[in-house]
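Report on the following structure.
All ligand and atom numbering here is 1-based and tracks the order in the structure.
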Amino acid sequence: MTKRQAPLIVGNWKATPRTLLDATTFIKKLEQKIARRKEKLPKKLYSIAVPDAFIHPLSVLAKRGLIGGETVHGTTLGQTTGISTPSQLASSGAEFVIIGHSEVRAQGETQEARKEKVLATLGAGLQTVLCFGERTRDKEGVYLEELESDVKETLSAIPREYFNKLVLAYEPIWAIGAKEPARANECFEVVIALRRALASLVGIDHAKKVRVLYGGSVTLETMNSFLQEGGVDGLLIGRASQDVTTFTDILVAAYQ
Ligand code: PGA
């Protein structure tokens, strides 16, 4: 399989870096490193999901990329302590948001909550990266059926016109923060299942607008196997996006 054009490379900083100064220094260095590259690169070539407190200051500095949120805590304005809503993230400079990351699911995020969040973030105009992934695999392929029904149920209330702002990320939980990523062929079979679920939900034309990413221990060495043989349109990268030199090399390599 040949590499698709213009992959979407999304970093996920999780609970890093330690201070706003560290975060702004990273983005300034990233912008400088990109500016020095001789290769022909797209105008906007990176997306990085960052802690809420960093969204606004980083969005001002990010000329060659987009800053987004790692989750959204709630959907409804009002008297709820500790919540940020989609409109608050968007008006702080977030261009996108990740929903349903397994580390957020592990804190108790339910499918019902994800359904509400996806509708609200897409409604607020945020590109939405919705994560799916199995905890373990079984020989009978039940995990594939479960992933497909999770996709269909979570997206059942989403109007079709929102699908062009929707991105799915396949993140097998066993490969996140691990030593090794999944193999490209393992990724490929799930990507087919996710696309099948989308097509059965909204028809092939709307399903085709949705980009699918792979995430889980992606490195500079393994990234191309996913882009070339994993059937994905991009990558969701945790640890390797938290080092400015590695992340720059990944971005440049993705566009060669
Ligand atoms: P990792 O994280 O690349 O460090 O495995 C990926 C993710 O959690 O999105």
Can you tell me how the ring of F26 sits relative to the ring of F247, calling it parallel under 30°, perpendicular over 60° and tilted otherwise?
tilted

Consider every N or O of L236 and every N or O of ligand 1, then say whether any pair is closer than 3.5 Å.
no

May I ask whether S217 has any heavy atom positioned less than 4.0 angstrom from an atom of ligand 1?
yes

Within ligand 1, which atoms have a heavy atom of H101 less than 4.0 Å away?
7 (C), 8 (O), 9 (O)

Atom indices of ligand 1, in the order listed, that fall short of 4.0 Å to a heavy atom of G177:
1 (P), 5 (O)

Between E186 and Y214, do the side chains contain an N or O donor and an N or O acceptor separated by less than 3.5 Å?
no

Which ligand 1 atoms are under 4.0 Å away from a heavy-atom of K14?
2 (O), 7 (C), 8 (O)

Heavy atoms of V202 and R160 approach each other most closely as O-NH1, 3.3 Å

Partner of H101 by side-chain hydrogen bond (donor to acceptor under 3.5 Å, both in side chains), out of E70, Q107, E171:
E171

I need the atoms of ligand 1 closer than 4.0 Å to a non-hydrogen atom of R239, numbered in the order shown.
1 (P), 3 (O), 4 (O), 5 (O)

Enumerate donor-acceptor pairs with a distance under 3.5 Å from any side-chain N or O in residues 91-98 to protein atoms, sequence neighbours excluded.
{"from": "S91", "atom 1": "OG", "to": "S87", "atom 2": "O", "distance (Å)": "2.8"}
{"from": "S91", "atom 1": "OG", "to": "Q88", "atom 2": "O", "distance (Å)": "3.3"}
{"from": "S92", "atom 1": "OG", "to": "Q88", "atom 2": "O", "distance (Å)": "2.7"}

G216 heavy atoms within 4.0 Å reach ligand 1 at atoms 5 (O)

Of all residues at least two apart in sequence or in a different chain, which pass the side-chain contact (heavy atoms from CB on, under 4.5 Å) check with V60?
H56

Is the closest side-chain donor-acceptor distance between D22 and T19 under 3.5 Å?
yes

Within a distance under 4.0 Å of any heavy atom of N12, pick out the atoms of ligand 1 and give their elements.
9 (O)

Check I176 against ligand 1 and report side chain, backbone, both or neither, counting heavy atoms closer than 4.0 Å.
both

